[in-house]
Amino acid sequence: MSNPTEIVTRFAPSPTGFLHIGGARTALFNWLYARGRGGRMLLRIEDTDRARSTEEAIAAILDGLAWLGLDWDGDPVSQHARAERHREAVEQLLAAGKAYRCYASPEELAEMRETARKEGRPPRYDGRWRDRDPSEAPQGVNPAIRLKAPQEGETVIEDHVQGRVTWQNADLDDLILLRSDGNPTYMLAVVVDDHDMGVTHVVRGDDHLTNAARQTHIYQALGWNVPEWAHIPLIHGPDGAKLSKRHGALGVEAYRAMGYLPAAMRNYLVRLGWSHGDHEVMSTEQMLEWFDLDAIGRSAARFDFAKLENLNGIYMRQMPDDDLLVEFRRSLPYLEGGPAFEEKLDATNSARLAGAIPGLKERAKNLTELLANSQFLVDERPLSLDDKAARILDDAGRVTLAGLLPLLTGAAAWDAETLEGIVREFAEETGRKLGQVAQPLRAALTGRGTSPGIFDVLVVLGRDESLGRIGDQTGVPTD
RNA sequence: GCUCCCUUCGUCUAGCGGUCUAGGACGCCGCCCUCUCACGGCGGAAACAGGGGUUCGAGUCCCCUAGGGAGCGCCA
């Protein structure tokens with residue numbers, strides 16, 4: 001029922017851990033390519049390794065994709081569940097004489113690799129059972145099934161990213177299709193599944209590049225069309241080495257916990273290895289329109305937190321206040337200290353938060369910072385002061401506040417314009433610079449040395465709370 | 001060891017033989033704005049890995065060297 005020219009991609013993670021950052025980018029590329037061209041993206045869980053696959057990992061991967069805003073068509077396919085079909089394909093190959101039973105023991109195999117290495121040849125199977133008569137099979141040994149791969153000539157793949165890549169068939173060996181316990185190998189399963197699922201474009205990490213050559217042999221033996229390939233470079237850590245846990249190879253949920261926005265994450269990831277002229281910030285719509293496999297670079301990119309941070313800040317500032325507020329509240333359960341903050345969001349504090357968002361979002365590059373900078377809104381009197389605030393509220397600072405308090409108490413209206421007028425006038429008449437008044441005020445109102453504009457803070461906290469907090473620092477009780 | 005891939009500012013990249021005295025972004029430095037911190041604005045330092053070719057002309061094409069990466073399993 002599928003359109004013959006329709007593009008079908010797939011993301012095929014193995015559920016042995018979380019969705020790491022490289023996998024997330026691979027998924028994004030698959031998604032962009034398919035969705036940008038009216039095609040479909042499928043999801044397949046490569047769970048043939050039963051010992052290492054877990055339900056939790058599957059859940060984490062689906063959750064990570066959902067958070068990133070990447071969806072797929074149909075139900076996720078379990079590779080393990082298709083083992084019968086994989087065996088069936090091998091029977092077909094056996095019947096056609098394109099595969100054979102191999103009785104070589106693990107010891108023999110190890111020895112083969114050893115000698116090959118010594119002689120400066122690539123370590124590979126020597127094909128000792130390739131043309132041997134079945135009657136020579138040892139008793140009581142279950143054979144593995146190997147592909148009878150071409151031994152001469154060369155195998156060429158035309159890759160959308162890597163270009164034309166050529167291997168001498170002599171350097172490739174007869175890979176195992178079915179293990180001696182009857183279970184299909186990854187190499188076989190991938191080919192059969194991609195074919196059956198109608199995948200037209202295989203977009204994956206370039207650690208699979210050589211696999212493409214060997215898988216091509218399987219496609220050819222089965223008489224199937226070879227899909228289009230796009231092997232994208234891996235992401236490296238800041239030091240240029242393979243991305244490891246101490247770099248950025250965290251699960252995407254870790255980025256959520258650090259307070260990054262999914263949209264910013266997508267934008268950062270898509271620019272790693274791909275670009276469209278000088279465009280740095282682009283909407284998802286633009287990505288879908290511009291993204292192309294042929295424009296992906298061939299060299300590995302390093303993961304740079306500073307740039308992610310900057311992009312995330314841009315997204316936060318660009319986002320409408322209401323949207324950011326929703327996103328922020330939704331992420332609270334995942335942020336450190338978020339749940340405690342959430343508990344304090346009664347009607348009053350929620351209103352304060354909503355009112356403070358415009359001033360807050362200019363000053364935070366991620367939601368974790370936004371949370372930290374929002375803390376003063378829900379803190380209870382009397383506020384505890386951080387070091388900087390304590391220094392500002394020295395004797396002189398307290399005297400200043402004591403002088404200002406009555407004027408604020410008598411404010412005709414509690415809006416930014418009126419309050420600014422009062423404070424500026426007070427500063428002028430008492431021969432102080434505005435900063436000499438604003439800073440003590442800030443310290444008293446927020447308990448910190450930095451905050452959004454002080455007049456906005458006064459308005460957001462409201463008259464009673466503001467006067468109360470100032471009073472707490474002058475020793476003059478107001479309620 | 002063998003096979004394959006890669007190499008432009010610290011980082012992500014633009015560049016698809018002449019428009020490159022190499023452009024943008026992050027980061028960094030300086031100045032401005034300013035009630036703090038940010039935002040914003042302006043300016044600055046900063047790269048074609050090295051060597052050979054090809055060509056009238058090379059960051060762009062070819063080769064070599066060096067450096068980096070990936071793969072070489074009855075793992076995926």
Side-chain angles (χ1 to χ4, degrees), chain A residues 12-16 46-49 51-53 79 102 104 106 109-110 113 116-125 142-146 159 161-163 165-168 171-173 175-181 183 185-187 189-190 205-211 213-214 231 233-234 236 238 240-242 268 271-281 297-311 313 317 359-365 369 373 388-389 392 420 423-424 427 433-443 446 448-455:
Chain A
S14 61
T16 54
E46 313 231 300
D47 52 359
T48 53
D49 186 340
R52 294 200 297 157
S53 301
Q79 189 158 68
C102 169
L109 262 19
R113 278 192 284 272
R117 190 172 290 255
K118 268 184 200 153
E119 293 168 14
R121 290 180 293 113
R124 58 173 171 72
Y125 177 66
N142 289 325
I145 313 291
R146 286 183 185 269
D159 192 280
V161 177
Q162 308 290 335
V165 187
T166 307
W167 287 267
Q168 295 306 311
D171 292 334
L172 273 12
D173 64 358
L175 66 263
I176 290 180
L177 266 12
L178 227 47
R179 293 189 254 272
S180 52
D181 64 2
N183 286 125
T185 59
Y186 161 81
M187 211 62 83
V190 168
D206 71 6
D207 48 338
H208 285 287
L209 188 60
T210 15
N211 289 340
R214 323 186 84 188
H231 289 90
L234 267 19
H236 286 178
K242 192 177 176 182
Y268 177 72
R271 284 282 293 100
L272 233 40
W274 175 82
S275 64
H276 184 76
D278 286 337
H279 291 275
E280 296 284 346
V281 181
R298 289 198 257 215
S299 55
R302 302 186 189 198
F303 192 90
D304 180 16
F305 263 103
K307 189 139 185 176
L308 203 212
E309 190 88 346
N310 172 269
L311 246 191
R317 273 175 261 128
L360 252 16
K361 75 177 185 182
E362 297 287 332
R363 295 168 171 76
K365 297 204 170 181
E369 283 182 15
N373 296 344
K388 196 172 173 193
I392 292 167
E420 181 166 356
V423 173
R424 281 189 186 277
K433 287 181 179 175
L434 185 57
Q436 291 178 292
V437 182
Q439 279 300 80
L441 202 46
R442 167 169 289 112
T446 68
R448 314 169 114 218
T450 64
S451 81
I454 201 60
F455 308 114

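Chain identifiers are assigned alphabetically (A, B, ...) following the order of the sequence lines, protein sequences preceding nucleic acid strands; residue numbering begins at 1 within each chain. Atoms considered below: every heavy atom in the structure, side chains included; atoms not considered: hydrogens, waters and symmetry mates.
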What nitrogen or oxygen pairs link the protein and nucleotides 1-8 of chain B at under 3.5 Å?
from	atom 1	to	atom 2	distance (Å)
B:C5	O2'	A:Gln162	OE1	3.2
B:C6	OP1	A:Arg298	NE	2.9
B:C6	OP1	A:Arg298	NH1	3.3

Rounded at 0.5 Å granularity, tell me how far [atom1] in [X] sits from [atom2] in [Y].
X: A:Asn183; Y: A:Ile176; atom1: CG; atom2: CD1; value: 12.5 Å
X: A:Gln439; Y: A:Thr450; atom1: CD; atom2: OG1; value: 9.0 Å
X: A:Leu234; Y: A:Ser299; atom1: CG; atom2: OG; value: 12.0 Å

For a quick check of understanding: with a heavy-atom distance under 4.0 Å over all strands, which category does [X] fall into, base, sugar-phosphate or nothing?
X: A:Ala110; result: nothing
X: A:His208; result: base
X: A:Arg124; result: nothing
X: A:Ser180; result: base
X: A:Leu109; result: base
X: A:Thr48; result: sugar-phosphate

G-U wobble or Watson-Crick pairing nucleotide for [N] (cut-off 3.5 Å, both distances):
N: B:C33; value: none
N: B:A66; value: B:U7
N: B:A14; value: none
N: B:C28; value: B:G44
N: B:G71; value: B:C2
N: B:U55; value: none
N: B:U60; value: none

Expressed as a whole number of Å, how far does the [atom1] atom of [N] sit from that of [M]?
N: B:C31; M: B:C37; atom1: P; result: 14 Å
N: B:U8; M: B:G67; atom1: C1'; result: 16 Å
N: B:C48; M: B:A14; atom1: C1'; result: 13 Å
N: B:A47; M: B:C9; atom1: P; result: 9 Å
N: B:C2; M: B:C64; atom1: P; result: 15 Å
N: B:G51; M: B:C4; atom1: C1'; result: 24 Å
N: B:A58; M: B:C5; atom1: P; result: 27 Å
N: B:U11; M: B:U3; atom1: P; result: 30 Å

Closest heavy-atom pair and its distance - A:Ile454, A:Ala438: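 Shortest heavy-atom contact: CG1-O, 4.1 Å.
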
Please find the pair of heavy atoms, one from A:Leu175 and one from A:Met187, that lie closest to each other, and give the distance.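 What the structure gives for the nearest pair is CG-CG, 4.2 Å.
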
Can you tell me the distance, in whole Å, between the [atom1] atom of [X] and the [atom2] atom of [N]?
X: A:Asp47; N: B:C75; atom1: CG; atom2: P; value: 15 Å
X: A:His276; N: B:G15; atom1: NE2; atom2: P; value: 10 Å
X: A:Met187; N: B:A76; atom1: CE; atom2: P; value: 9 Å
X: A:Arg271; N: B:C26; atom1: CZ; atom2: P; value: 11 Å
X: A:Asn211; N: B:C72; atom1: CG; atom2: C1'; value: 10 Å
X: A:Tyr186; N: B:C72; atom1: OH; atom2: P; value: 10 Å
X: A:Leu177; N: B:C74; atom1: CG; atom2: P; value: 12 Å
X: A:Asp278; N: B:C26; atom1: CG; atom2: C1'; value: 14 Å

With A:His231, the side-chain contact (heavy atoms from CB on, under 4.5 Å) member among A:Leu209, A:Val161, A:Thr210: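 Looking at A:Leu209, A:Val161, A:Thr210, the match for A:His231 under the side-chain contact (heavy atoms from CB on, under 4.5 Å) is A:Leu209.
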
With a 4.5 Å heavy-atom cut-off, do A:Arg179 and A:Asn142 have their side chains touching?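 Of all side-chain heavy-atom pairs linking A:Asn142 with A:Arg179, none is under 4.5 Å.
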
Contact check, side chains of A:Cys102 and A:Tyr125, non-hydrogen atoms, under 4.5 Å: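 Answer yes - side chains close enough.
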
Can you check whether A:Phe305 and A:Tyr268 have ring centres sitting under 6.0 Å from each other?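 Judged by ring-centre distance (under 6.0 Å), A:Phe305 and A:Tyr268 do not meet the cut-off.
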
Got a donor-acceptor contact below 3.5 angstrom from the [X] side chain to the [Y] backbone?
X: A:Ser53; Y: A:Asp49; value: yes
X: A:Thr446; Y: A:Arg448; value: yes
X: A:Thr48; Y: A:Tyr186; value: no

Can you say whether a donor on the side chain of A:Asp207 sits under 3.5 Å from an acceptor on the base of B:G71, or the other way round?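 It does not, because no donor-acceptor pair links the side chain of A:Asp207 to the base of B:G71 below 3.5 Å.
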
B:C39, syn or anti by chi within 90 degrees of zero: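 Here the answer is syn: the torsion falls within 90° of 0.
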
Could you run down nucleotides 31-51 of chain B 5' to 3' and tag each one B, S or - for protein heavy-atom contact under 4.0 Å? ----BBBSSS-----------

On RNA chain B, check which nucleotide each of A:Gly277 and A:Lys307 is closest to and give me the residue with the more 5' one.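 Closest to the 5' end, via its nearest nucleotide, is A:Gly277.
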
